[in-house]
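As structure tokens, the structure follows; a few thoughts come after it.
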There are 2 protein chains.
Amino acid sequence: MAAEITLSPTSPATAKVTVGGKPGTALFAGCPELIGTPFAYDREEEIYGEGEEAEFVYKVVRGAVRTHKVLNDGRRQITGFHLPGDLFGLEQGETHRHTAEALSDTQVVIFKRRGIERAAARSAEVACQLWTMAASGLRYAQDHMLLLGRRSAVERVATFLMEVDERLGGTSTFALPMTRRDIADHLGLTIETVSRTFSQLEEDGALLRAGGRQVSLRRARLRRVVED
Amino acid sequence: MAAEITLSPTSPATAKVTVGGKPGTALFAGCPELIGTPFAYDREEEIYGEGEEAEFVYKVVRGAVRTHKVLNDGRRQITGFHLPGDLFGLEQGETHRHTAEALSDTQVVIFKRRGIERAAARSAEVACQLWTMAASGLRYAQDHMLLLGRRSAVERVATFLMEVDERLGGTSTFALPMTRRDIADHLGLTIETVSRTFSQLEEDGALLRAGGRQVSLRRARLRRVVED
DNA sequence: CGTGGTGTTGAATTACCTCAATAAGCGTGG
DNA sequence: CCACGCTTATTGAGGTAATTCAACACCACG
């Protein structure tokens, strides 16, 4: 499980890439020195561990990543899933506050944190972008606090499915990139409860399943489950 | 409960104050135009509501504030308590994403959000401070996600007590500034469970109580309850 | 002294968990 | 293409931590 792999991101990939964000809003705009290096991880490979020095910042190109925290007895809380286009691993402070692992074979582009910080110290525009990213992470975390603190199992799962759908393009038919365990550890439930809840939602006609991961949502019904 | 009070913070308090943060790290340093206006709220008074335009940013001077989110059926999650020295209400985006209310009679200093944003657009230093604040909020929220998703009632209450103690100065004897309901709604529990857990912790010798709010912690014991 | 808000305690209920068995995917190699 | 083994997912039965409902105690304040 804990694949102890030492990254040496300085050696590989010679092709450097300047990386923009979503069309229009280039990431770290106007900072030519902030170029990213492509990098890849295998399924279940650790990208960085909690407590390690935060040397890099990552942007998902293909695949998916989870970040989590663990208690010493193994209880785990997944704080976020990161899909193509998402940035993760951006800390201020010297160390990572959680662990990141690839859900599947994943390509990322990495940036040196120091470089970003130096750019932010000079450019108000870059610094504002960092603020924006932290703020949107904060919004997500606060919404999730409400979910974890006050919502029932069905509500959690329904909310989660709609969220993933949206982030995957909103086609309402897709393959979940994560296991039941990952979902459970994100929603503060057990795998069994997640599984049962999927079954229940299917019975209620709120979704269709094909082979575990593949789902097709009836969004209106799901929305009625969450109702707020 | 929902005291609908219209604030007109433009009219009152003539005494303007420039406000620094913790000693050494002045808040919005080097920005003389960012001065705060003192303002006060009564116990249980709403400071701003979810969805309202985010016109001001607030810094607690005396008293205490809670910020929360609600579901339409009334379930509530308190996302944070704000004690003297803390900043709250800082959004990026036009509207507040939660409601803020005074726990007790509270004095704050308010800043115009636009002013701060304008300063950030010009000064990398100010922008970096905004990033820092958002990032520390994010760290808190992520720790709290772990608590809400994976910890038992005793662990939640014990963690909470140690946190409040620390933020109040770490004397381990203090009066909780919030009700059982507030604590419950912060920890994702019911008032009864919080109450029972206090009793249990007292039996276990992890704390002493005097009249509901007043507590005296045996920190070593509490730490053993949380254990990690 | 009442009165209303706040906190505690008890008894019964329940949503979710734990333990355990079975089934369904899925990659590998014959 | 099927058999095999391994991982992942589903389902059932029983247990439990936390909730719900309800009664009572405690102040603070008129």
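All values derive from a computational prediction rather than experimental measurement. Order of the sequence lines sets the chain letters (A, B, ...), proteins ahead of strands, with each chain counted from 1.
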Rounded to the nearest Å, what distance is computed from the [atom1] atom of residue [X] to the [atom2] atom of nucleotide [N]?
X	N	atom1	atom2	answer
Arg75(B)	dA15(C)	CZ	C1'	13 Å
Met178(B)	dT6(C)	CE	P	14 Å
Leu148(A)	dA18(D)	CG	P	15 Å
Gln214(B)	dC26(D)	CD	C1'	16 Å
Arg181(A)	dT10(D)	CZ	P	14 Å
Gln200(B)	dT9(C)	CD	C1'	14 Å
Leu201(B)	dT9(C)	CG	P	13 Å
Glu192(B)	dA25(D)	CD	P	17 Å

Quiz item: Do the side chain of Asp165(A) and the main chain of Ser172(A) share a donor and acceptor less than 3.5 angstrom apart?
Solution: yes

Quiz item: Side chain of Asp185(A), backbone of Gln77(A): donor and acceptor closer than 3.5 Å?
Solution: no

Quiz item: For DNA chain C, whose closest nucleotide is more 5', that of Gly211(A) or that of Gly188(A)?
Solution: Gly188(A)

Between [Y] and [X], does any NZ, NE, NH1 or NH2 come within less than 4.0 Å of an OD or OE carboxylate oxygen?
X	Y	value
Arg62(A)	Asp105(A)	no
Lys112(B)	Glu55(B)	yes
Arg66(B)	Glu44(B)	yes

[X] near the nucleic acid: base, sugar-phosphate alone, or nothing, with a heavy-atom cut-off under 4.0 Å?
X	answer
Arg151(B)	nothing
Thr179(B)	sugar-phosphate
Arg209(B)	sugar-phosphate
Leu189(B)	sugar-phosphate

According to a strict under-4.0 Å criterion, is [X] in side-chain N/O contact with OP1 or OP2 of [N]?
X	N	result
Arg213(B)	dG7(C)	yes
Arg196(A)	dT10(D)	no
Ser199(B)	dT9(C)	yes
Ser195(A)	dT10(D)	yes
Thr190(B)	dT19(D)	yes

